Amino acid sequence: MNDIENIYSKLWQLYGPQGWWPAPDYHPGDYNFPGTENQKFEICVGAILTQNTSWKNVEKAILNLKKYDLLAPEMLLTIEHKHLAQVIKSAGYFNQKARKLAVFSEYFLFLNGKSANRQELLQLWGVGPETADSILLYAFSQPTFVVDSYTKRLLTHLGLIKGAERYDHIKALFESCLPKDVILYQEYHALIVAHAKLHYSKKPYALNCLINKNWNTKRTD
DNA sequence: AACCAGGACGTGA
DNA sequence: TCACGTCATGGT
């Protein structure tokens, strides 16, 4: 078992299945989600809104979009910028994110039911590597690994990377060590977030990180 | 009262 | 490429 598989095994033992994506109307463990275009779009919107923002603030914005029947690409392209910005205010960066949602909505309509493409996503204003991979993995069920700041922080503390590596390098590290499996990738990223929220959000990091503590010692249980 | 949250973009060097 | 500055609300 390689290091990346070893970390996954420990995270799974500690936290069990996470069942992402955590959409407001999503029942954890339902791996058939998203089953509809609306649900896919909702995940994409969430992926954009959660950029450098807590999910709690994003959830308020999504519920607000639903409240006014705006959670559809046609609606987000019709609505006035200032109005949209106000509706998603709780998610922060509302001017930028309103624009990002409009740009993405156009792309989503262009797809017309087809699956999204990583190169195309990265060309959209407002979609960087993490957002693109989140959209591909959780909305379109493509086996692409999501790397976020928590992931970098965890691997850095475990000594697997120095910390300055590029996004695609870290993504490739995970994908080269794991079988190409959508649910595995979905659960792994979710587990990292769950673990990092507990042990890698406030400094000093990793005080009670069991993975870190047991990293160089062998377990018999 | 600073600090952080599941980033991405623009700019000057 | 690299290193910052900017965007902004809400919880601790």
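Quantities reported herein were computed from a predicted structural model and do not represent experimental measurements. Every chain is numbered from 1, with letters handed out A, B, ... down the list of sequences.
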Task: A/Thr53 side chain near C/dT9 phosphate (N/O to OP1/OP2, under 4.0 Å) - done: no
TODO: Identify whether any heavy atom of A/Arg99 sits under 4.0 Å from a base atom; if not, whether one sits that close to sugar-phosphate; answer base, sugar-phosphate or nothing.
DONE: nothing
Task: Short side-chain N/O contact to B/dA5 OP1/OP2 from A/Asn57, under 4.0 Å - done: no
Task: Parallel, tilted or perpendicular, as decided by the 30° and 60° cut-offs, for the rings of A/Phe174 and A/Tyr188 - done: perpendicular
TODO: Using only heavy-atom distances, determine whether the side chains of A/Lys10 and A/Asn6 contain a donor-acceptor pair under 3.5 Å.
DONE: yes
Open item on the list: Taking 4.0 Å as the cut-off, does a side-chain nitrogen or oxygen of A/Arg153 come that near to OP1 or OP2 on B/dC4?
Closed with: no
TODO: Whole angstrom is fine here: how far is it from OH in A/Tyr167 over to P in B/dC9?
DONE: 13 Å
Open item on the list: So if I take every side-chain heavy atom of A/Lys203 and compare against B/dG6, B/dG7, B/dC4, which nucleotide ends up nearest?
Closed with: B/dC4
Open item on the list: Need one value for A/Val127: base, sugar-phosphate or nothing, where a base atom within 4.0 Å counts as base even if backbone is also close, heavy atoms only.
Closed with: sugar-phosphate
Open item on the list: Please pick, from C/dT9, C/dT1, B/dG7, the nucleotide with the shortest atom-to-atom distance to any side-chain atom of A/Arg166.
Closed with: C/dT1
Open item on the list: Can you tell me which nucleotide in B/dG7, B/dG6, C/dA8 comes closest to the side chain of A/Gln51?
Closed with: B/dG7
Open item on the list: Need one value for A/Lys60: base, sugar-phosphate or nothing, where a base atom within 4.0 Å counts as base even if backbone is also close, heavy atoms only.
Closed with: sugar-phosphate
Task: A/Tyr150 and A/Tyr200 aromatic centres sub-6.0 Å - done: no
Task: Under-4.0 Å side-chain N/O to phosphate OP1/OP2 contact, A/Trp20 with B/dG6 - done: no
- [ ] Report which part of the nucleic acid A/Leu124 touches: base, sugar-phosphate, or nothing (heavy-atom distance under 4.0 Å, all strands).
- [x] sugar-phosphate
Open item on the list: Looking at A/Lys197, I'd like to know whether one of its side-chain N or O atoms comes within less than 4.0 Å of OP1 or OP2 on B/dG6.
Closed with: yes
Task: OP1 or OP2 of C/dC7 under 4.0 Å from side-chain N/O of A/Lys89 - done: no
Task: A/Trp21 ring center near A/Phe33 ring center (under 6.0 Å) - done: no
